[in-house]
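Some notes on the structure that comes next.
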Amino acid sequence: MELPRSLTDEGILRYGFHGLSYEYIASTLPQHLGDRADGRVIVAHLGSGASMCAMKDRRSVATSMGLTALDGLVMGRRCGSLDPGVVLYLLEEKGLTSEQITSLLYSKSGLLGVSGISNDMAVLEADSSAQAQEAIELFCYRAARELTALATDMAGIDAIVFTAGIGKNSALVRRLICQRLAWLGVDLDVTANERGIAHIQSTASDVSVIVIPTDEEAVIAAKTRMLTCSV
Ligand code: AMP
């Protein structure tokens, strides 16, 4: 983090979240990508909470979340990346308490705050109002921007994986994100994207795009089994 070294030394670091999901996805990459599994892969875990993880050799090299689950992408109720000066402004100028700011940033922002309608992507997709459409657009814009930043970390991308509730189920969100990534060589097969099963890139795409349902429970079960067998 961009803070004085004394603070990072005491553990204020970018830890990231959704590790169980990323571990599961990493374990399935060879069956979907063959040799490309060990290339430069960005996994987009887009659910009520949303984050991205850049992987090389199926190991995380960068992530969108930080010390807390607030950073990075726009989420159902969480704001994602925010000018830290906004927090100071709310505190000093608006007189909000730290509890009120916590509630604002964790529970009243994101898709819910922007749309004023719902934190639920499926509900917003079914709503034709300008506010709902604006919230969806913002979600996709910020996702594409984050994905591009992570691609820079790895000097390119070989594959993108969409997972979690929105990543797995929303053809619209996948399309709006990938449209913004055309300059990176990302191109979707429209029909495959609507079906949303496994590979959804077109034959012209330089980048593989895959939909993989995540299974965090399977990772928890496997780790619990390992633990109980070792005691
Ligand atoms: P999760 O936290 O992974 O369970 O994901 C929850 C999110 O996935 C919510 O925003 C849901 O609205 C969204 N979601 C689930 N199904 C769909 C769907 N068919 N279309 C759009 N969003 C969906």
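None of the values given here were measured: they were computed from a predicted structure. Every number for a ligand or one of its atoms is a count from 1 in the order of the listing.
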So, [X] side chain and [Y] main chain: donor-acceptor pair closer than 3.5 Å or not?
X: Asn119; Y: Leu111; result: no
X: Thr102; Y: Ser98; result: yes
X: Thr163; Y: Thr214; result: yes
X: Arg77; Y: Gly110; result: no

Legend entry - Distance from atom 14 (N) of ligand 1 to nearest protein heavy atom, with residue and atom: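 For atom 14 (N) of ligand 1, the nearest protein heavy atom is Gly165 O, 3.7 Å.
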
Legend entry - Heavy-atom nearest neighbour in the protein, as seen from atom 15 (C) of ligand 1, with distance rounded to 0.1 Å: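 Nearest neighbour among protein heavy atoms for atom 15 (C) of ligand 1, to 0.1 Å: Asn169 ND2, 3.6 Å.
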
Inset, instruction - Please indicate, with yes or no, if any protein heavy atom is found under 4.0 Å from atom 4 (O) of ligand 1? - result: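 No, there is none.
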
What do you reckon, does [X] have a nitrogen or oxygen under 3.5 Å from a nitrogen or oxygen of ligand 1?
X: Met121; answer: yes
X: Ile166; answer: yes
X: Ser170; answer: no
X: Val123; answer: no
X: Ala122; answer: yes

Inset, instruction - Measure the OG-CE distance between Ser48 and Met75 for me, rounded to the nearest 0.5 Å. - result: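 The OG atom of Ser48 sits 11.0 Å away from the CE atom of Met75.
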
Inset, instruction - Within a distance under 4.0 Å of any heavy atom of Ser48, pick out the atoms of ligand 1 and give their elements. - result: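 Going through ligand 1 atom by atom, the ones under 4.0 Å from Ser48 are 1 (P), 2 (O), 5 (O), 6 (C).
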
Inset, instruction - Just jot down the ligand 1 atoms closer than 4.0 angstrom to any heavy atom of Gly47, in number order. - result: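 Result: 1 (P), 2 (O), 3 (O), 5 (O).
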
Inset, instruction - Please work out whether any backbone atom (N, CA, C, O) or any side-chain heavy atom from C-beta onward of Glu125 is under 4.0 Å from ligand 1, and answer side chain, backbone, both or neither. - result: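 Looking at Glu125 and ligand 1, just side chain atoms fall under 4.0 Å.
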
Inset, instruction - Using only heavy-atom distances, determine whether the side chains of Arg174 and Asn193 contain a donor-acceptor pair under 3.5 Å. - result: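 Note: Arg174 and Asn193 side chains meet the donor-acceptor criterion.
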
Inset, instruction - Using only heavy-atom distances, determine whether the side chains of Asp127 and Ser129 contain a donor-acceptor pair under 3.5 Å. - result: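 The answer is yes; a qualifying pair exists.
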
Inset, instruction - Nearest heavy atom to atom 11 (C) of ligand 1 wins, so pick from Leu111, Leu46, Thr163, Asp120. - result: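 Looking at heavy atoms only, Asp120 sits closest to atom 11 (C) of ligand 1.
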
Inset, instruction - Write down the atom of Leu147, the atom of Ile42, and the distance for their closest heavy-atom approach. - result: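 That closest heavy-atom pairing would be O-CD1, 3.5 Å.
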
